[in-house]
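Remember, it's a predicted structure, so these values are computed and weren't measured experimentally. Heavy-atom basis, side chains included; hydrogens, waters and symmetry copies ignored.
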Amino acid sequence: MKTEFGGIVNASRSLICAYKSDLWKEKYKEEDFKQATRAEAIRMRDEINSNLKRIS
């Protein structure tokens with residue numbers, strides 16, 4: 001039996017302010033917010049995918 005998961009993740013604030021987070025503040029400055037946002041989006045995607053694999 002195939003199980004499908006669907007969901008919506010609202011992470012706009014954590015993405016927009018990623019350069020301020022403890023995880024990225026040492027690596028990215030405010031003017032590098034685009035790179036920090038990309039790095040955080042990739043990290044979040046990988047974490048979601050990892051958890052989905054674990055439960056399926």
Kindly give the heavy-atom pair with the smallest separation between [X] and [Y], and that separation in Å.
| X | Y | answer |
| --- | --- | --- |
| Gln35 | Tyr28 | CB-CE2, 3.4 Å |
| Ser14 | Glu40 | O-CG, 4.2 Å |
| Val9 | Ile48 | CG2-CD1, 4.1 Å |
| Ala18 | Ala36 | CB-O, 3.6 Å |
| Tyr19 | Lys29 | CB-O, 4.0 Å |

Crowding at CZ, Arg45 (>12 non-hydrogen neighbours, <6.0 Å):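 Check passes, neighbour count above 12.
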How about Glu30: does its CD atom have over 12 heavy atoms from other parts shown lying under 6.0 Å from it?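 Not more than 12 within 6.0 Å, no.
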Leu23 side chain near Arg43 side chain, heavy-atom distance below 4.5 Å: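 Counting from C-beta outward, Leu23 and Arg43 do come under 4.5 Å.
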Interatomic distance, Asn51 atom CG to Asp46 atom CG [nearest 0.5 angstrom]: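 Asn51 atom CG to Asp46 atom CG measures 11.0 Å (nearest 0.5 Å).
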Nearest-0.5 Å distance that lies between atom OG in Ser50 and atom NZ in Lys53: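 NZ of Lys53 is found 7.5 Å from OG of Ser50.
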Intermediate values then yes/no, side-chain contact (heavy atoms from CB on, under 4.5 Å), Met44 and Leu15: CA-CA 10 Å; Met44 291 173 66; Leu15 291 172; 3.8 Å; yes
